Amino acid sequence: MRRYILTGTPGCGKTSIIRALETTGASVVAEAATDIIADKQMQGIAEPWENEDFIDDIIRLQKQRQIDLSDDNSDLHFYDRSPICTYALAMYLNFKPSANLMQEIKRITNHNIYDKKVLFIDNLGSIENTGARQISFEESLDFEKIHLAAYEKFGFSCVHIQAGPIENRVQLILEHTANTFGPDVHM
């Protein structure tokens, strides 16, 4: 089973790419933070990211989704973000990384849960805000740098997927996974 992380600045197109990858037969896991934000906002919490429990809520959902997908028969999994992204988010929000977060990072690194080459989706040159995404383009570039540093800190390397049409980006990702693991990957 091969597990790849897709990451990048907010608004870079990860969700659209993940949806397109799913149509190739790969298993995919949606971003946890967006779902946590939507759930909290439905509960009347307008800005859940201001609460330090937000990080632990994300990490619990990420871990559960990863474990749930372990029984999946697909040999190729793509994750829209990972616990390393959650660490980067904690750094960006000036939160001290919680014990739960650090324990999960230790688990995923010690057990090589994810491939060490992370697919870093480059920004599109602008950002469109949503209810869950309230960040300026300039702030997103700072967040991007924090992500790159976090992955490097925990021993991962980032393979940049340049901006462009979704089809081209998906093809680059599939080519990378095929080149990494040989011709048995179905495109």
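What you see is a predicted model, and the numbers here were worked out from it, not measured in a lab.
- Scanning all heavy atoms of the two residues, the minimum distance from P10 to I135 falls at CB-CG2, 4.1 Å.
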request  = Show your reasoning for whether side-chain contact (heavy atoms from CB on, under 4.5 Å) applies to R107 and Q66.
outcome  = CA-CA 12 Å; R107 181 186 78 87; Q66 185 271 308; 2.6 Å; yes

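- In terms of modelled atom types and a separation under 3.5 Å, the side chain of S98 and the main chain of L101 share a donor-acceptor contact.
- Rounding to the nearest 0.5 angstrom, the gap separating the CD1 atom in I55 from the CD atom in E104 is 13.5 Å.
- Here the OH-CG distance, from Y4 to L6, works out to 11.0 Å after rounding to the nearest 0.5 Å.
- We find that R65 and D35 are joined by a salt bridge, their nearest charged nitrogen and carboxylate oxygen being less than 4.0 Å apart.
- At most 12 heavy atoms of other shown residues, nucleotides or ligands fall within 6.0 angstrom of atom CZ in R19.
- Below 30°, between 30° and 60°, or above 60°: for Y92 and F143 the angle between ring planes is between 30° and 60°, a tilted geometry.
- You'll find the side chain of D115 stays beyond 4.5 Å of the side chain of R2, heavy atoms only.
- In terms of heavy atoms, Y151 sits closest to C85 at OH-SG, 2.9 Å.
- For the atom pair CG (D122) and CD1 (I161), the distance works out to 8.0 Å, reported to the nearest 0.5 Å.
- Residues V170 and F120 are members of separate hydrophobic clusters, defined by side-chain heavy-atom contacts under 4.5 angstrom among Ile, Leu, Val, Met, Phe, Trp and Tyr.
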request  = Determine, step by step, whether F95 and F54 satisfy the ring pair (Phe, Tyr, Trp, His ring centres under 6.0 Å) criterion, reporting the C-alpha distance in whole Å, the side-chain angles of both residues, the deciding distance to 0.1 Å, and the verdict.
outcome  = CA-CA 10 Å; F95 291 158; F54 177 62; 8.0 Å; no

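- Using a 4.5 Å heavy-atom threshold, the side chains of D57 and K40 count as touching.
- With hydrogens and angles disregarded, no donor-acceptor distance shorter than 3.5 Å links the side chain of E31 to the backbone of D80.
- Between W49 and L89, every side-chain heavy-atom pair lies at or beyond the 4.5 Å cut-off.
- Closest heavy-atom contact between M102 and P97: SD-CB, 3.7 Å.
- The CD atom of E144 sits 8.0 Å away from atom SG of C12, with the distance rounded to the nearest 0.5 Å.
- Both L141 and L93 are assigned to one and the same hydrophobic cluster, defined by single-linkage of ILVMFWY side chains at heavy-atom distances under 4.5 Å.
- A33 approaches I58 most closely through the heavy-atom pair CB-CD1, 3.7 Å.
- With ring centers used as reference points, F156 lies 6.0 Å or more from Y114.
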key: Residues I17, K14; criterion side-chain contact (heavy atoms from CB on, under 4.5 Å); working and verdict   = CA-CA 5 Å; I17 292 168; K14 289 182 322 306; 5.7 Å; no

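- When the shell of 6.0 Å around CD of Q162 is examined, it contains 12 or fewer heavy atoms from other residues, nucleotides or ligands.
- No donor-acceptor pair under 3.5 Å is formed between the side chain of R81 and the backbone N or O of A32.
- Here L21 contributes atom CG and L174 contributes atom CG; the two are 5.5 Å apart, rounded to the nearest 0.5 Å.
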task = Could you give me the CA-CA distance, side-chain angles and deciding distance for T7 and S82, then say whether side-chain contact (heavy atoms from CB on, under 4.5 Å) is met?
result = CA-CA 8 Å; T7 193; S82 78; over 6 Å; no

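- No side-chain heavy atom of I18 sits under 4.5 Å from any side-chain heavy atom of E22.
- Rounded to the nearest 0.5 Å, atoms CD1 (I84) and NE2 (H147) are 10.0 Å apart.
- In this structure a side-chain-to-backbone donor-acceptor pair under 3.5 Å is missing from R3 to N112.
- Nearest heavy-atom pair, G11 versus L124, reported as atom, atom and distance to 0.1 Å: O-CD1, 3.6 Å.
- By the neighbour-count criterion of 12 heavy atoms within 6.0 Å, atom NZ of K106 is sparsely surrounded, having that number or fewer from other residues, nucleotides or ligands.
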ask   = Does the side chain to side chain donor-acceptor pair (under 3.5 Å) test come out yes or no for Q171 and E175, once each step is laid out?
value = CA-CA 6 Å; Q171 188 60 36; E175 287 172 6; 3.3 Å; yes

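- Following chains of ILVMFWY side-chain contacts shorter than 4.5 Å, one cannot reach L148 starting from V159, and the two form parts of different hydrophobic clusters.
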key: Steps toward side-chain contact (heavy atoms from CB on, under 4.5 Å) verdict (Y87, F154)   = CA-CA 10 Å; Y87 176 89; F154 292 106; 3.7 Å; yes

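- By the neighbour-count criterion of 12 heavy atoms within 6.0 Å, atom CD of E139 is densely surrounded, having more than that number from other residues, nucleotides or ligands.
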